[in-house]
Structures are given as C-alpha cells and as structure tokens.
Amino acid sequence: MAQIYDRVALIGLGLIASSMSHAMKRAGVAGEITGYARSPQTRDVAREIGLCDRVCDSAAEAAAGADLVVLCVPVGAMGAVAAEIAGVLKPGATVSDVGSVKKAVIEAVAPHIPAGVHFVPAHPLAGTEHSGPRSGFAELFDNRWCLIVPQAGSDRAAVERLEAFWQALGSNTDEMDAEHHDLVLAVTSHAPHLIAYTMVGVADDLRRVTDSEVIKYSAAGFRDFTRIAASDPTMWRDVFLNNKEATLEILGRFTEELFALQRAIRIGDGDHLHAYFTRTRAIRRGIIEAGQDTAAPDFGRVKKA
Ligand code: NAP
C-alpha cells in the first residue's frame, strides 16, 4: 500500500497507539513512526519491543516535524498534551486523537491548535480490556468502524487523508458530529461499561456472603461482565467525567426500563417480559448481520467435543 504520511507521531503508547503502530507497519502507510509515553518504564518497553522507529523523551520531540500527530492518552489528559506540543507543530500537519469522548476533547484540544495546522478528531471503535504498549496487535481495527469528527471549516483534503489512513489500518470510516457521537457512544459503550462495573461490584459484595461461589460458578453472562469491568480504570474514569450529560441521559432511561421490568416480574406480567426479550433478541441478530460480531455460541469460546 502507498505511504500516506511521511512521519506519524503517537503521543501515549498504550493499547490503541501500539495497535496503530502494528497496523501502520502492516499497511506501509507511514515513512517514520515516532512515539512518546509519559513514564520512562513505558518508553523502555516500547524501545525493547521496537514499537516505533524512534521513541522520544518528550511529546514535543515526538511531534516535531510530524505530518500526523495522534493523541492516544486518556481523555482527561488530551488538553495538557496538546498544550505541550502546540509550539512545535509543522505547518500543514494534522493533529488527531483516538479519545472515546469527542465534545470534551475538542473543547480541551482545539484552543491549542495553531493556525495552519488541521485538527481532525477521530475515534476508532475497537478495543480490548488490556492496556499498555505490549497489548497492541495489528488486527485490532480490522472491519471495525472509525468515526471521524470534522470541525467547522475543516480542510476536506486533511479529513479525507485521515479517512484513507484509517481505512488502510483496516477500519471502515464514517463522519459524525461530536454531540451525536457522544450520545451514540453513551448507548453502545459507556452506559454498558457502567452497568458491567456495577454488576461485578454487586457480585463482589455478595461473594463475601457466599464465599467465592460467585466466581466458582461464574456463568457466561457474568463472565462477560467481568471482562468489560476489567477495563482500564483511568480511561473509564475519564470517559464518565467527560461524557457526563449523554451518559446520565442514557442511565436515566435505563433506570426507567429497569423499573418497568422489575414491576413486570413482581406482578407476574410474562407477556411484557416475553415481548421485551423478543425485541432485544432481534437486535443481536442485526449486529451479527452487520458483521460486527460472531454468531458462534458463547462468542466462539465453546470447545468442540
Ligand atoms: P492505555 O493502554 O492505558 O495507554 C494510555 C497511554 O497514555 C499510556 O502510554 C500512558 O503512559 C499515557 N498517559 C496516561 N496518562 C497520561 C497523562 N496524564 N499524560 C500523558 N500521558 C498519559 O490506553 P488506551 O486503551 O490505548 O487508550 C488511549 C485512548 O484511546 C483513550 O483516550 C481512550 O479513551 C481511547 N480508546 C480506548 C479504547 C479501548 O478500548 N481501550 C478504544 C477506543 C479508544 P504511561 O504508560 O507512561 O502511563
């Protein structure tokens, strides 16, 4: 595949940045990849595994001269990182990010972007519960969506170049405005994570009563919650603090529906429960038909006899 950017700088070297680096190398879309992480330990690991062509000791050093700079730090750290690199950005360069929240990140980063530099926020909808530079892999973005969030007056050529870049990394791309993005993600990702965190917390409280039975007999439903609830605490703290409005809106609706189901159970309204579960089952079918998950039982974890 043809090179898209001469030099790409990754600021933050965790799951997403390391996966981007592997995917960039697979696709041959970057001439040189530079990287920076906050702690010397992470930078040492990145050097040891050859994650980037050059691991730098400051964000500014990594960003200087880059054609694309991607901020891959927790949402709450984006503004400070943007301030740090603002003075060294090359005219005509693109600054992007991979943050799970868009409105708050744009508010924090945009004021630092100098004239003549393009700011094109993005969010790859792909991840795992693992973090750090060793957790990345080239296939993470394959057949997943990357949402691009152009700003008013964004340079079309810069937006299209970033879309071509994410497509080369394996993603499908779509454009969306920040507010809509934050609401969609509150439904599809943020509220479900909070519910998983809560469910695992409840089970943990119960475990103290039933001595480890919760873990011992952990069935598929609960196991899936524990996987989600193992996600990085810093990343998810920042997601909730920065997507407050949309998350609270969805949790409000969730609570109302939960009360309705609770009432149906209490009064023995089987028709209500059956109709509700029939509707939700159809949604699962839709996700499989859209190629966004496997139809295999238990996500393919069931071993064949
Ligand atoms: P990660 O594996 O935990 O890596 C985070 C990186 O950011 C590390 O290199 C860390 O450096 C650095 N960092 C942390 N706090 C910082 C600070 N205050 N200042 C400067 N650098 C800091 O995280 P990730 O999963 O790659 O997530 C990165 C971004 O992608 C987040 O904005 C997240 O919302 C978004 N995202 C995540 C997922 C997912 O499922 N994980 C999916 C899509 C988007 P040290 O290692 O030196 O501490």
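Just follow the structure's listing: the first ligand is 1, and inside any ligand the first atom is 1.
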Among all protein heavy atoms, pick out the one at the shortest distance from [atom]; state its residue, atom name and that distance to 0.1 Å.
{"atom": "atom 43 (C) of ligand 1", "value": "Pro124 O, 3.3 Å"}
{"atom": "atom 6 (C) of ligand 1", "value": "Cys72 O, 3.8 Å"}
{"atom": "atom 36 (N) of ligand 1", "value": "Ser100 OG, 3.4 Å"}
{"atom": "atom 25 (O) of ligand 1", "value": "Leu15 CB, 3.8 Å"}
{"atom": "atom 45 (P) of ligand 1", "value": "Thr42 OG1, 3.4 Å"}
{"atom": "atom 3 (O) of ligand 1", "value": "Ser131 CB, 3.5 Å"}
{"atom": "atom 44 (C) of ligand 1", "value": "Val98 O, 3.1 Å"}
{"atom": "atom 21 (N) of ligand 1", "value": "Val73 CG1, 3.5 Å"}

Option with minimal heavy-atom separation from [atom], where the choices are [options]:
{"atom": "atom 42 (C) of ligand 1", "options": "Ser135, Ala126, Pro233, Gly127", "result": "Ala126"}
{"atom": "atom 17 (C) of ligand 1", "options": "Gly76, Ala77, Gly136, Gly35", "result": "Ala77"}
{"atom": "atom 27 (O) of ligand 1", "options": "Leu140, Ile16, Val45", "result": "Ile16"}
{"atom": "atom 7 (O) of ligand 1", "options": "Gly14, Pro74, Gly132", "result": "Pro74"}

[X] bridged to [Y] by N-O distance under 4.0 Å:
{"X": "Glu107", "Y": "Lys102", "value": "no"}
{"X": "Glu175", "Y": "Arg156", "value": "yes"}
{"X": "Asp57", "Y": "Arg47", "value": "yes"}
{"X": "Arg253", "Y": "Glu249", "value": "yes"}
{"X": "Asp293", "Y": "Arg284", "value": "yes"}

Least distance between heavy atoms, Ala30 atom then Val8 atom: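 Residues Ala30 and Val8, closest heavy atoms: CB-CG2, 3.8 Å.
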Closest contact, heavy atoms only, Val73 versus Ile11: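 Val73 and Ile11 have their closest heavy atoms at CG1-O, 3.5 Å.
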If you count heavy atoms of other groups shown closer than 6.0 angstrom to CD of Glu179, is the number above 12? no
Any atom of ligand 1 sitting under 4.0 Å from a heavy atom of [X]?
{"X": "His123", "value": "yes"}
{"X": "Gln41", "value": "no"}
{"X": "Val101", "value": "no"}

Please report whether ligand 1 has a polar contact with [X], defined as an N or O pair separated by less than 3.5 Å (distance criterion only).
{"X": "Met235", "answer": "no"}
{"X": "Val239", "answer": "no"}
{"X": "Arg38", "answer": "yes"}
{"X": "Gly12", "answer": "no"}

Would a search of protein heavy atoms around atom 10 (C) of ligand 1 find one under 4.0 Å away? no
Under the side-chain contact (heavy atoms from CB on, under 4.5 Å) test against Val149, which residue among Ile106, Asp177, Val120 passes? Ile106
Taking 4.0 Å as the limit for heavy-atom contacts, which would you say applies to Thr234 with ligand 1: side chain only, backbone only, both, or neither? neither
Does one side chain, of Ser231 or Glu129, offer a donor that lies under 3.5 Å from an acceptor on the other? no
Side-chain donor-acceptor pair present, Ser39, Thr42, cut-off under 3.5 Å: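 Side chains of Ser39 and Thr42: pair found under 3.5 Å.
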For ligand 1, which atoms have a heavy atom of Met78 less than 4.0 angstrom away? 32 (O)
Can you sort out which atoms of ligand 1 are near Val75, meaning under 4.0 Å from one of its heavy atoms? 32 (O), 34 (O)
Under 30°, 30 to 60°, or over 60°: which ring-plane class applies to His123 and His181, parallel, tilted or perpendicular? perpendicular
Please check this pair: side chain of Asp67 against backbone of Ala93, looking for a donor-acceptor N/O pair closer than 3.5 Å. no
